Asker: 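Shown below is the structure under consideration.
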Amino acid sequence: MIDIHCHILPGIDDGAKHMADSISMAQSAVAQGINTIIATPHHMNGAYNNYKTDIIAGVQQLNDTLQAENIPLTILPGQETRIYGDMVTDLENGDLLPLNETSGYLFVELPSGQVPRYTEQLLFDLQMKDIKPIIVHPERNRELIENPNILYDLVSNGTLTQVTAASVNGNFGKKIKKFSLQLIEANLTHFIASDAHNITSRGFVMQEAYSVIKHKYGASAVYWFMENAQYMMDGDLVIGEPPERIRTKKKFGIF
Ligand code: FE
């Protein structure tokens with residue numbers, strides 16, 4: 001199993017604090033059946049900046065350690081970049097790191113409360129540079145929960161999304177679980193990933209999420225998500241089913 005979103009690099013964000021944490025996380029991932037992780041440290045989120053070259057060096061160091069410890073897990077470089085206006089310029093400057101470095105897919109994190117007005121234009125501009133943007137955990141964004149049509153428009157225009165395993169399991173509450181399932185049903189998401197930060201409060205729980213998905217939508221849905229992670233990692237095309245609009249409940253008396 002591939003996990004495309006994880007804070008396993010030591011000491012650089014709010015994930016693993018030190019190498020011992022990274023090793024425990026690696027062991028926990030292997031126990032879940034994960035053999036490949038894309039390490040995606042926070043970048044430009046107001047608290048943490050992690051530039052491309054530093055991440056690549058950190059991944060190398062962690063892989064060396066895992067090999068020395070005989071842990072059968074491969075770490076690939078990636079980055080979770082909070083959306084900002086100069087992303088295209090900084091991508092060209094070499095500050096930003098697409099997933100697995102050369103896949104052409106780039107994580108974009110929205111602020112949790114809203115969707116900035118320039119989002120649509122920026123996601124378009126990235127695609128004009130042959131970058132395929134993936135919005136991380138849209139199910140946890142307040143504005144998208146209230147107005148899922150915003151996400152429908154973005155996905156219709158070629159943006160992909162990643163739902164977090166813990167959201168599917170209900171660990172972030174009923175509302176976020178419900179919205180996660182609606183996103184799956186409406187073809188508004190393409191990847192499931194752990195976004196693991198530790199082995200306690202923010203663990204991997206990928207097995208659990210895939211079993212919820214299998215139970216509700218069948219094994220083919222699970223394979224579809226798993227294959228998408230592989231295609232993405234290899235830089236191949238990920239094509240979703242045509243997105244649908246999520247029906248929001250009509251308020252009584254308003255037509
Ligand atoms: Fe994350």
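Nothing here was measured: the structure is a model prediction, and the numbers come from that model. What you see below is based on every heavy atom in this structure, not just the backbone, and it leaves out hydrogens, waters and symmetry mates.
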Asker: Please check if atom NE2 in H215 has more than 12 non-hydrogen atoms from other residues, nucleotides or ligands closer than 6.0 Å.
Answerer: no

Asker: Check whether any side-chain N or O of S22 sits under 3.5 Å from a backbone N or O of A16 as a donor-acceptor pair, and report yes or no.
Answerer: no

Asker: For Y48, does its backbone N or O pair with a side-chain atom of N45 as donor and acceptor, under 3.5 Å?
Answerer: yes

Asker: Short question: side chain of N49, backbone of M44 - any donor-acceptor pair under 3.5 Å?
Answerer: yes

Asker: Kindly indicate, with the supporting measurements, whether the criterion side-chain hydrogen bond (donor to acceptor under 3.5 Å, both in side chains) is fulfilled by E101 and S103.
Answerer: CA-CA 6 Å; E101 202 174 347; S103 71; over 6 Å; no

Asker: Does any part of the side chain of I55, heavy atoms only, come nearer than 4.5 Å to the side chain of V59, both counted from C-beta?
Answerer: yes

Asker: Is any side-chain heavy atom of L123 closer than 4.5 Å to one of L154?
Answerer: yes

Asker: CD1 of I8 to NE2 of H197: how many Å apart, nearest 0.5 Å?
Answerer: 12.5 Å

Asker: Can you tell me if R142 has over 12 outside heavy atoms packed within less than 6.0 Å of its CZ?
Answerer: no

Asker: Taking atom CD of Q207 as the centre, does the number of heavy atoms from other residues, nucleotides or ligands within less than 6.0 Å exceed 12?
Answerer: yes

Asker: Taking the side chain as everything from C-beta on, heavy atoms only, tell me whether V168 gets closer than 4.5 Å to I213.
Answerer: yes

Asker: What are the two closest heavy atoms between K175 and I145, and how far apart are they?
Answerer: CE-CG2, 3.9 Å

Asker: Between P111 and N141, what is the shortest heavy-atom contact and its length?
Answerer: O-ND2, 2.8 Å

Asker: I246 and A186: which non-hydrogen atoms are nearest, and at how many Å?
Answerer: CG1-CB, 3.9 Å

Asker: Could you tell me whether the side chain of D13 and the main chain of G15 form a donor-acceptor pair under 3.5 Å?
Answerer: yes

Asker: Listed by chain and number, what are the side-chain hydrogen bond (donor to acceptor under 3.5 Å, both in side chains) partners of Y231, not counting sequence neighbours?
Answerer: none

Asker: Can you list the residues that meet the ring-ring contact (aromatic ring centres under 6.0 Å, His included) rule with F107, with sequence neighbours excluded?
Answerer: H5

Asker: Do T36 and T74 have side-chain atoms, one donor and one acceptor, less than 3.5 Å apart?
Answerer: no

Asker: Count the heavy atoms belonging to other residues, nucleotides or ligands that lie under 6.0 Å from CD of Q67, then report whether that count exceeds 12.
Answerer: no

Asker: Would you say the side chains of E185 and Y217 form a donor-acceptor pair under 3.5 Å?
Answerer: yes

Asker: Restricting to non-hydrogen atoms, name the atom on G240 and the atom on W224 that form the minimum distance, rounded to 0.1 Å.
Answerer: CA-CZ2, 3.8 Å

Asker: Give a yes-or-no answer on whether the side chains of T164 and Q162 include a donor-acceptor pair shorter than 3.5 Å.
Answerer: yes

Asker: Take a 6.0 Å sphere around OH of Y84 and say whether it holds more than 12 heavy atoms from other residues, nucleotides or ligands.
Answerer: yes

Asker: Measure the spacing between CG of L144 and CG of N149 and express it to the nearest 0.5 Å.
Answerer: 10.5 Å

Asker: Without swapping roles, check the side chain of S156 against the backbone of Y152 for a donor-acceptor pair under 3.5 Å.
Answerer: yes

Asker: In the structure I gave you, are the side-chain heavy atoms of E80 and D195 within less than 4.5 Å of one another anywhere?
Answerer: yes

Asker: Heavy-atom count check: over 12 atoms from other residues, nucleotides or ligands less than 6.0 Å from Y118 OH?
Answerer: yes

Asker: Could you walk me through whether H43 and Y51 pass the ring-ring contact (aromatic ring centres under 6.0 Å, His included) test, one step at a time?
Answerer: CA-CA 7 Å; H43 184 53; Y51 296 91; 4.8 Å; yes

Asker: Calculate, to the nearest 0.5 Å, the distance between atoms CG and OG belonging to L183 and S167 respectively.
Answerer: 9.5 Å

Asker: Do the side chain of N100 and the main chain of T102 share a donor and acceptor less than 3.5 angstrom apart?
Answerer: no

Asker: Do K17 and P10 have side chains that get closer than 4.5 Å, going by heavy atoms?
Answerer: no

Asker: Answer yes or no: is there a donor N or O on one side and an acceptor on the other, between the side chain of N187 and the main chain of E244, under 3.5 Å?
Answerer: no

Asker: With rounding to the nearest 0.5 Å, note down the distance linking CD in Q79 to CD1 in I38.
Answerer: 12.5 Å

Asker: Which residue pairs satisfy the salt bridge (charged side-chain N to carboxylate O under 4.0 Å, His left out) criterion with at least one member in residues 52-76, sequence neighbours excluded?
Answerer: none

Asker: State, with a plain yes or no, whether a side-chain heavy atom of Q182 is found less than 4.5 Å away from one of K178.
Answerer: yes

Asker: When you check the gap from the basic side-chain N to the acidic O, do R117 and E143 get nearer than 4.0 Å?
Answerer: yes

Asker: Just checking, is any N or O donor in the side chain of D14 or H42 under 3.5 Å from an acceptor N or O on the other one?
Answerer: yes

Asker: Would you say the side-chain atoms of N157 pair up with the backbone N or O of D153, donor to acceptor, closer than 3.5 Å?
Answerer: yes

Asker: Closest heavy-atom contact between N198 and M25?
Answerer: N-CE, 3.7 Å

Asker: Under the side chain to side chain contact (heavy atoms under 4.5 Å, CB included) rule, what do T65 and M19 come out as? Steps first, then yes or no, please.
Answerer: CA-CA 9 Å; T65 306; M19 191 54 91; 3.4 Å; yes

Asker: Indicate the atoms forming the closest heavy-atom contact of G104 with P98, along with that distance.
Answerer: N-CB, 4.3 Å

Asker: Within the structure provided, determine whether I135 and L151 are in side-chain contact (heavy-atom separation under 4.5 Å).
Answerer: yes

Asker: According to the interplanar angle, ranging from 0 to 90°, do the rings of F191 and Y105 count as parallel (below 30°), tilted (30 to 60°) or perpendicular (above 60°)?
Answerer: perpendicular

Asker: Return the CE to CD1 distance between M1 and I37, rounded to the nearest 0.5 Å.
Answerer: 11.0 Å

Asker: Do I131 and D125 come within less than 4.5 Å of each other through their side chains, counting heavy atoms only?
Answerer: no

Asker: Does D3 reach the main-chain N or O of F204 with its side chain, forming a donor-acceptor pair under 3.5 Å?
Answerer: no

Asker: Counting only heavy atoms not in E120, do more than 12 sit closer than 6.0 Å to its CD atom?
Answerer: no

Asker: Using atom types as modelled and distance alone, determine if a side-chain donor or acceptor of N50 lies under 3.5 Å from a backbone N or O of I12.
Answerer: yes

Asker: Using 0.5 Å steps for rounding, measure from the CD1 atom of I56 to the CG atom of L76.
Answerer: 11.0 Å

Asker: For K177, is there an ion pair with E139 - N to carboxylate O distance below 4.0 angstrom?
Answerer: no

